[in-house]
Protein chains: 2
Amino acid sequence: MDTSRKRNTAREESLSVILHHAERIFAEYGFKGATMQAIADAAALPKANLHYYFPTKLALYREVIERIFTIWLEAADSFDTSASPREALSRYIRKKMEISRAHPCGSKVWANEVIQGAPIIQDYLQTTLGAWTDSRIEVINRWIAEGQIDPINPRHLLYMIWATTQHYADFQHQVVTLNGGKRLDDSQWDAATKSVTEIILRGIGA
Amino acid sequence: MDTSRKRNTAREESLSVILHHAERIFAEYGFKGATMQAIADAAALPKANLHYYFPTKLALYREVIERIFTIWLEAADSFDTSASPREALSRYIRKKMEISRAHPCGSKVWANEVIQGAPIIQDYLQTTLGAWTDSRIEVINRWIAEGQIDPINPRHLLYMIWATTQHYADFQHQVVTLNGGKRLDDSQWDAATKSVTEIILRGIGA
DNA sequence: CAATTTCTTGACTAGTTGGTCAGCTATGCT
DNA sequence: AGCATAGCTGACCAACTAGTCAAGAAATTG
């Protein structure tokens with residue numbers, strides 16, 4: 001049943017190209033501001049072709065969000081609960097910074113979605129994100145009980161990590177502007193990651 | 001020339017009401033997603049009346065942005081360069097947290113604007129924000145030179161403060177959801193402010 | 001009071017945009 | 001080859017929305 005290699009790859013290629021450009025356009029113009037025509041132009045496809053793969057704009061948007069959430073889960077996994085606070089947190093922060101660098105548009109779409117009240121991802125926030133957060137808060141509280149870190153509020157620590165790392169993606173434009181209009185280079189990303197990691201780890205006495 | 005009290009106050013009242021609701025609608029739906037009709041409905045005015053005071057949607061949006069920037073400047077002033085690091089930074093962080101609580105919509109509009117490449121506020125970023133940032137970096141470097149704080153990268157410290165404090169406004173919906181759907185109460189805002197301040201101050205050895 | 005200016009508003013227009021559809025082409029199967 | 005299926009596309013339409021406008025209401029002035 002090795003049905004049609006050419007068709008399958010063509011399909012996957014089209015889907016991939018559309019989703020890639022849709023992410024960019026949604027990030028740049030927001031859900032309403034992004035037009036199917038603009039996405040089609042970016043993907044170098046006729047608009048009707050988009051509607052062949054995705055029945056509605058909302059369906060396309062949902063798919064984009066879905067993919068972003070997958071990446072988010074990947075970062076979440078890197079928070080190793082069996083490691084030491086220093087090890088677990090610095091690994092997690094580094095991973096989040098890498099994502100901010102590699103997928104700024106995805107991060108922006110996510111941010112836009114949350115700012116606008118998360119009409120689509122409400123479920124994720126309540127279920128998956130909620131459960132993950134609770135489990136990590138438990139771990140952090142254990143670290144505190146064991147005297148491995150200072151008694152800080154775990155929730156606010158997590159918010160600080162999210163906010164700071166995602167800032168480099170979501171506010172990329174501001175960061176670049178304040179960097180003289182030049183994108184951060186390798187060493188600057190490295191310095192940013194080090195700074196964030198050090199301030200936070202020292203901040204909690206790890 | 002004490003020209004017409006009733007008219008002037010009516011005018012100011014209308015302007016104020018429109019701007020207030022416009023901020024909310026822009027925050028919730030983005031620039032393109034917000035419609036003049038929706039703003040008019042929120043302000044309980046006929047749409048044509050909006051166009052009497054603001055010729056175009058963009059003009060209204062600019063005015064909203066302008067007001068937000070004023071608030072931002074107010075916070076910027078609270079960064080007292082003649083105080084000690086502990087004093088200056090904790091005051092600044094507290095002020096920024098207060099703004100996040102009092103003006104979440106303004107913060108969201110600003111965030112949206114930056115995420116989408118800051119088409120309107122590019123000037124502010126380059127001039128006013130750029131100059132302010134440079135001046136504070138100088139002060140922070142002085143603190144480092146005097147041994148009052150650890151040698152950290154001032155720029156990334158500022159980004160961390162901005163990101164973390166604004167997170168409570170921009171990601172309000174996520175914060176509330178993870179708080180069991182309840183808005184933060186007085187004591188929770190206080191705890192958040194304390195946590196943020198403590199982690200950051202300890203993080204830089206202040 | 002009448003004239004003038006400011007403010008208000010329903011109705012309309014032009015332009016945009018999400019989505020449809022009928023017909024086309026390319027691929028795979030027997 | 002011939003048939004079936006998946007993929008592609010230009011042309012079209014209905015809905016929505018920013019902005020206009022002319023006519024009227026309300027306030028101010030001389």
Side-chain angles (χ1 to χ4, degrees), chain A residues 1-65 109 112 116 119-120, chain B residues 1-65 109 112 116 119-120:
Chain A
M1 260 298 199
D2 175 52
T3 180
S4 60
R5 187 158 314 265
K6 212 164 190 175
R7 270 190 189 166
N8 276 342
T9 56
R11 180 176 193 89
E12 278 159 37
E13 175 68 14
S14 284
L15 285 172
S16 166
V17 167
I18 292 170
L19 286 168
H20 174 75
H21 288 97
E23 183 176 290
R24 253 191 42 228
I25 303 290
F26 279 130
E28 192 167 348
Y29 301 100
F31 175 72
K32 193 65 194 285
T35 66
M36 292 298 270
Q37 189 62 61
I39 296 170
D41 289 349
L45 290 171
K47 191 184 62 143
N49 205 347
L50 262 62
H51 280 102
Y52 174 73
Y53 287 106
F54 301 95
T56 66
K57 185 181 177 182
L58 191 61
L60 172 55
Y61 181 71
R62 279 178 188 280
E63 197 63 35
V64 168
I65 288 276
V109 173
N112 242 310
Q116 298 183 13
I120 306 294
Chain B
M1 262 292 203
D2 173 50
T3 180
S4 60
R5 187 160 313 267
K6 212 164 188 174
R7 269 192 188 164
N8 275 344
T9 56
R11 181 178 190 88
E12 278 159 36
E13 174 68 14
S14 283
L15 284 172
S16 166
V17 167
I18 292 170
L19 286 167
H20 174 77
H21 287 98
E23 185 176 289
R24 254 192 39 228
I25 302 292
F26 279 130
E28 193 167 346
Y29 300 100
F31 175 73
K32 193 66 193 286
T35 67
M36 292 299 269
Q37 189 63 60
I39 296 170
D41 290 348
L45 290 171
K47 190 185 64 145
N49 206 344
L50 261 62
H51 279 102
Y52 174 73
Y53 287 106
F54 301 95
T56 65
K57 185 180 175 181
L58 189 62
L60 172 54
Y61 182 72
R62 279 178 189 279
E63 197 64 32
V64 168
I65 288 277
V109 173
N112 241 311
Q116 298 183 13
I120 306 293

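Just so we're on the same page: letters track the sequence lines, and every chain starts at 1.
Ala59(B) comes within 4.0 angstrom of nothing in the nucleic acid, heavy atoms only. Using a 4.0 Å heavy-atom criterion, one finds that Ala38(B) contacts no nucleic acid atom at all.
Contact between the side-chain N/O atoms of Arg11(B) and the OP1/OP2 oxygens of dC7(C) is found at a separation under 4.0 Å. The side chain of Tyr52(A) places no N or O atom within less than 4.0 Å of a non-bridging phosphate oxygen (OP1 or OP2) of dC8(D).
Of the residues in residues 39-46 of chain A, those lying under 4.0 Å from DNA chain D by heavy-atom distance are Pro46(A). Taking a 4.0 Å limit (strictly below) on heavy-atom distances, residues 21-32 of chain B reaches DNA chain C at Lys32(B).
Rounding to the nearest 0.5 angstrom, the gap separating the CG atom in Leu15(B) from the CD atom in Glu63(B) is 8.0 Å. Between the OH atom of Tyr53(B) and the CG atom of Leu19(B) there is a distance of 11.5 Å, given to the nearest 0.5 Å.
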Short heteroatom pairs, N/O only, protein and nucleotides 19-21 of chain C, under 3.5 Å:
| from | atom 1 | to | atom 2 | distance (Å) |
| --- | --- | --- | --- | --- |
| dG19(C) | OP2 | Lys57(A) | N | 2.5 |
| dG19(C) | N7 | Lys47(A) | NZ | 2.9 |
| dG19(C) | O6 | Lys47(A) | NZ | 2.6 |

Residues 24-52 of chain A side chain polar contacts: donor-acceptor under 3.5 Å, at least two apart:
| from | atom 1 | to | atom 2 | distance (Å) |
| --- | --- | --- | --- | --- |
| Thr35(A) | OG1 | Ala38(A) | N | 2.9 |
| Gln37(A) | NE2 | Asp41(A) | OD1 | 3.1 |

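One can place CD of Gln37(A) at 18 Å from P of dG15(C), the figure rounded to the nearest angstrom. When the C1' atom of dG7(D) is taken as reference, atom CD1 of Ile18(A) falls 11 Å away, rounded to whole Å. What separates CZ of Phe54(A) from C1' of dG7(D) is a distance of 14 Å, to the nearest Å.
For Ile120(B), the side-chain contact (heavy atoms from CB on, under 4.5 Å) test picks out Leu58(B), Tyr61(B), Arg62(B), Glu113(B), with sequence neighbours left out. For Gln116(A), the side chain to side chain donor-acceptor pair (under 3.5 Å) partners at least two apart in sequence or on another chain are Asn112(A).
Side-chain proximity of Tyr53(A) to the nucleotides dG18(C), dT9(C), dC8(D) is greatest for dC8(D).
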